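Step one of this worksheet: look at the structure below.
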Amino acid sequence: MNRVVVGDRVRANGVVRTVVGLSGQEIVLAGADGTVVRLTVVELMAAEDFSVLGGARAEMVPRGVEDLPANAVEQARWWEGHILEVLRGQNPGSEAGGMPRPGYDPGTTTLASRERAKAAELSEAGVVVSARLVKHYRQRYQASGLRGLVDGRTAKKMPEFGRVDDRVVEAMRQAITEAGPNSTRTIGYICWRTGVLLDQEHGPGQVPPASERTLYRLFGKLSEGTATTGTARARRWRAARPDTPFQPVSPGTPGEMMQIDSTPLDVLVRLDDATVGAVELTAMVDVATRSITAAVLRPTTRAVDASVLLARTVTPEPMRPGWVRALTMERSVLPYRRLLAVDERIAKAAARPAILPATIVVDHGKAFTSQAFKDACRFLGINLQPARKAMPTDKSVIERTLGSVAGLFAQFVSGYTGSGVEHRGRKMEQQPLWSLPELQGLLDEWIIVCWQNRPHDALRDPAAPGRAYTPNERYAALVESAGYVPIALREDDYVHLLPACYRTVGAAGVRIARRTYDDKSLDPLRHRRSTDAAHKHLWEVRCDPYDLTRVWVRDPNGGWITAFWTHLRTSAQPFGQGVWDHVRAQLPDAAEQELADAAYALLERAHRGPPAPDTAKARRTVARDRAAGSIGPRPAPPAEPPEPDDEADTGDAVVPLAIFDPYREAEKRW
C-alpha cells in the first residue's frame, strides 16, 4: 500500500513533483520549474502512471554520529549518497528537478536492478562490491539512517573498565566510598582495602587478582571528582553538593533574605590576657545587595554575639574619628536624604546601609539555635529559616562572602596564618599583632571602604551584564525601584537586644569586667535595691561587648540610663562630638580617588601591625591604651609652643601657658 508524506517525490500524468504540504484530503505538489499544484488524494491516485518515487522517509529515524570516529562518519556519508541514488534516482549532489541517470530512474527500473547497477558502477570505479552488499547497506540505511552505514567494528566500544572483573570494580568503589569521611589515605591503601573486601565478600582467592597497574588505572577512573587522595576538606565539600541543579534565590528588596554564619579568621591577635590566639568571624550578609551589614570578631562565637550582630545590622554604623570624610553616608551613593528623613542618626553615620531582615537563613550552630537569638528575632518579627544539615549551598552567599573576607582583607593583616598549617609561616607569634578591639576597628573600616564600594559579580544588570554594581549602588537602586523604606532600629530597641547582667549601683557607679561606668543620672539609684526579686534586687544593666565606652542601666520607670566609662574622662581618647567635627573639618571634599587612597592606607596599616614599644614604660602605656578599647590611630599631639624671642621687648608681653599634653601626663602617672 502506497503512503505519501511530505518530502516524497511522486509521478502523476507524466510529471514528477515533490510533496510540500498535506491538508486533509488535499495534497500540495511543487514541480521542478517552481509551479505549485493542489490535488485531492483521489485525483492524484487516479492517474494511470501514479507512483511514489521515494523521499525523506528513509531519514525519518535519524541517529547521532557525533560519538563516532570522524573517518567512519566520512565513509558512511559516502555510502549515503550512493544509497539515496538507488532509492530515489538522484543523490544529494544532483541538481534539483534533474532527470535520473540511466539505470536509476525509479519510474522505469526496479529496486533490484538499481542495486545491481550501483554494484557494477562501484566495481568499475575500483570499489569491488556485490549487489547483495549494496542491498544490505540499503536496508540498514532505511532502518537506522546514517548510523546504519557506519562500520560496526569502528563503532564498537570497549567496556568502561576494560576486562577488569565486575566484582573488583564494585569492591574498589566501596573502598573509595568508605574513604570519604575518614582521613586521607594513599592509592596503595585503597588497593589493599579492595583486596580485603573481595576476600570478605567472596572468600579468599575466589576472585582472580588484578595487577597493580590495572588497579591504579581503575582507581583513576572510579575516583574522578571525589578527591579521595586530596584533602579531607575537599571531600566534605564535594559530598555536600546537592544532586539536583543549584537554583539561586533572587530577592527583590533589601532584607528579604539574609544569611548569617561564623568561620575562623586566619589571623592571630593579642587577647585581653596578653596571650596570642585565633578568633572567629561572625557576619551577616544581605542576599539582594550583597552588603555585609555587620561583622564581629570574638575568640569563640556565643549566642550573645549573634544577638549583638543582629542589633548592629538594624542600626546605622556611626562614623569614628580618623575615618576619611568619603566614608560618610552623605558622600556615598546611598539615599542619604531619604534615610535622614527617617532617622536623624544618619547625619553622623558611615556609608553602610542599616537593613531590617525579614528572613534569616542560619545553620545549626549553637549560637544561632540558642534561645537568646530566637528571642531577639521574635522581638523584631524576623523569620528564622534553618538550612539543611551538611548542605552549605542553602546559605552559599554567606559562605562565599566569608571566604572573600579571607582573600581581600585577612591576608593583608599582620599575623595572617593562611588557610591551613601547610600555608602558615614561621614564628607568627613574634610578629606585631593587633589586639581584638583594634582588629575589629580595622574590619569595620574595611567593610565600608572596600567591600561596600567594590563591584560584585553577582550584582549585574540583566539588561547590561557588562557592568557590575557595588553593594551600595545595588541598595540605592532597590530603594528606588522596589519602594523599600528602611526604618532603623530605635535606641531602646537596640539596647533591648544587648546582653544583660545585674549589678549594684555604688558610690563609684556600676562596675563590669573591672571597668567602672558612672553618670549623674545614676544618683537616685546609688546604694538602693531594685524591685527585681528574681535577680536578688540588683539593677539590670545592658552592655555591648564590642563597645566598651558605655552601658545602659534600667531605671525604676522602665527607661534606660546611659552610663559612660569613667576612664574616658581622664585618658586622651578621641571621643566626643567636638573632636569628631574637628577631624571632619580638616578633610577636603571626598572623591573617588580619596576612597582608593583610604583603602590602600587601611590595608597598608593593617599589614604593618601596631607599633612595637621601645621601653617598659612605653609597653605599659600601650597596654593601658589597648585595655581602653581604642580603635584607630590617635590624633597627633599638639605642637610645642614657640620659644620666646630674647631680643623682643617682653616687659608687657604675655607669656603663653604650656598646652596640656595628655600623653605626657599619662606617662607621669606611671
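Quantities reported herein were computed from a predicted structural model and do not represent experimental measurements.
Ala295 meets the side-chain contact (heavy atoms from CB on, under 4.5 Å) test with Leu281, Ala283, Ile292, Leu443, Ile447; sequence neighbours excluded. Listed by chain and number, the residues in a side-chain contact (heavy atoms from CB on, under 4.5 Å) with Ala278 amount to none (sequence neighbours excluded). The side-chain hydrogen bond (donor to acceptor under 3.5 Å, both in side chains) search around Ser521 returns Asp519, not counting sequence neighbours. Not counting sequence neighbours, the partners of Arg400 by the side-chain contact (heavy atoms from CB on, under 4.5 Å) test are Ser404. In this structure, the side-chain hydrogen bond (donor to acceptor under 3.5 Å, both in side chains) partners of Thr289, at least two apart in sequence or on a different chain, are Asp286, Ser291. In this structure Arg503 satisfies the salt bridge (charged side-chain N to carboxylate O under 4.0 Å, His left out) test with no other residue, sequence neighbours excluded. Asp363 meets the side-chain contact (heavy atoms from CB on, under 4.5 Å) test with Asp261, Phe368, Lys395; sequence neighbours excluded. Residues that satisfy the salt bridge (charged side-chain N to carboxylate O under 4.0 Å, His left out) test with Glu429, not counting sequence neighbours, are absent from this structure. Judged as a salt bridge (charged side-chain N to carboxylate O under 4.0 Å, His left out), and not counting sequence neighbours, Arg454 has no contacts. Applying the ring-ring contact (aromatic ring centres under 6.0 Å, His included) rule to His364 yields no partners; only residues at least two apart in sequence or on another chain are considered.
Between atom OG1 of residue Thr263 and atom CG of residue Leu402 there is a gap of 5.5 Å, rounded to the nearest 0.5 Å. Taking NZ from Lys520 and CD1 from Ile561, the interatomic distance works out to 14.5 Å, rounded to the nearest 0.5 Å. Considering CZ of Arg608 and CD of Gln431, their distance stands at 14.0 Å, rounded to 0.5 Å. For the atom pair CE (Met329) and NZ (Lys348), the distance works out to 13.5 Å, reported to the nearest 0.5 Å. To the nearest 0.5 Å, atoms CG (Leu522) and OG1 (Thr562) are separated by 9.5 Å. Atoms OG1 and CD1, from Thr293 and Ile355 in turn, are 6.0 Å apart once rounded to the nearest 0.5 Å.
Distance alone, capped at 3.5 Å, is enough to place a donor-acceptor pair between the Arg554 side chain and the Gly558 backbone. Judged purely by atom type and a 3.5 angstrom limit, Glu280 has no side-chain atom pairing as donor or acceptor with the backbone of Ser262. When atom types are taken as modelled, the side chain of Glu256 and the backbone of Pro251 share no donor-acceptor pair closer than 3.5 angstrom. A donor-acceptor pair is defined here as one N or O able to donate and one able to accept, closer than 3.5 Å; such a pair exists between the side chain of Thr369 and the backbone of Gly365. At distances below 3.5 Å, not a single donor-acceptor pair connects side-chain atoms of Glu317 with backbone N or O atoms of Ala350.
Cys501 is not listed as a side-chain neighbour of Leu538, based on a closest heavy-atom distance of 4.5 Å or more. Side-chain contact check for Thr253 versus Leu478: every heavy-atom pair is 4.5 Å or farther apart. A 4.5 Å side-chain heavy-atom check between Gln452 and Pro353 finds at least one atom pair inside the cut-off. Put simply, the side chain of Tyr517 does not reach to within 4.5 Å of the side chain of Thr566, judged on heavy atoms. The closest side-chain heavy-atom distance from Asp555 to Trp560 is not below 4.5 Å. Proximity of Arg298 to Val279: side-chain heavy atoms (C-beta onward) are nowhere separated by under 4.5 Å. Using a 4.5 Å heavy-atom threshold, the side chains of Met258 and Thr313 count as touching. Looking only at side-chain heavy atoms (C-beta outward), Arg474 and Arg290 stay at 4.5 Å or farther from each other.
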Derivation and outcome, side-chain hydrogen bond (donor to acceptor under 3.5 Å, both in side chains), residues Thr516 and Arg511: CA-CA 4 Å; Thr516 303; Arg511 189 170 177 82; 3.2 Å; yes

Residues Val361, Ile260; criterion side-chain contact (heavy atoms from CB on, under 4.5 Å); working and verdict: CA-CA 7 Å; Val361 180; Ile260 185 174; over 6 Å; no

Worked check of side-chain contact (heavy atoms from CB on, under 4.5 Å) between Leu271 and Val276: CA-CA 6 Å; Leu271 301 177; Val276 176; over 6 Å; no

His535/Glu540 under side-chain contact (heavy atoms from CB on, under 4.5 Å): CA gap, chis, key distance, verdict: CA-CA 9 Å; His535 295 93; Glu540 180 183 356; over 6 Å; no

Stepwise side-chain contact (heavy atoms from CB on, under 4.5 Å) test for Leu525 and Trp539: CA-CA 9 Å; Leu525 309 183; Trp539 296 97; 3.6 Å; yes

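Pairing each heavy atom of Arg312 with each of Ala294, the nearest pair is CB-CB, 3.9 Å. Val314 approaches Pro357 most closely through the heavy-atom pair CG1-CD, 3.7 Å. Contact between Val267 and Ser414 at its shortest, heavy atoms only, is CG1-O, 4.0 Å. When all heavy atoms are compared, the tightest approach of Trp323 to Pro318 is CZ3-O, 4.0 Å. Closest non-hydrogen pair, Ala306 versus Ala367, comes out as CB-O, 3.8 Å. The two residues Thr328 and Met319 make their nearest non-hydrogen contact at CG2-CE, 3.7 Å.
Glu445 has no carboxylate O lying under 4.0 Å from a charged side-chain N of Arg352, or vice versa, which leaves the two without a salt bridge. Salt bridge annotation for Arg526-Asp523: present, with a cationic side-chain nitrogen under 4.0 angstrom from a carboxylate oxygen. Using a cut-off of 4.0 Å between Lys/Arg side-chain N and Asp/Glu carboxylate O, Asp444 and Arg320 are scored as salt-bridged.
Remark: Arg542 is not positioned above the aromatic ring of Trp552, lacking an NZ or CZ atom under 6.0 angstrom from the ring centre and at most 45 degrees off the axis.
Test Leu436, Leu439, Leu433 against Arg270 for side-chain contact (heavy atoms from CB on, under 4.5 Å) and you get one pass: Leu433.
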Donor-acceptor contacts, no H, no angles, side chain residues 371-379, under 3.5 Å, sequence neighbours left out:
residue: Gln371; atom: NE2; partner: Asp375; partner atom: OD1; Å: 2.9
residue: Asp375; atom: OD1; partner: Arg378; partner atom: NH1; Å: 2.8

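Using a 3.5 Å distance cut-off with no hydrogens or angles, the side chains of Ser435 and Glu438 do pair a donor with an acceptor.
Sorted by first and then second residue, the pairs that involve residues 435-471 and meet ring pair (Phe, Tyr, Trp, His ring centres under 6.0 Å), not counting sequence neighbours, are Phe409-Trp446, Trp451-His456.
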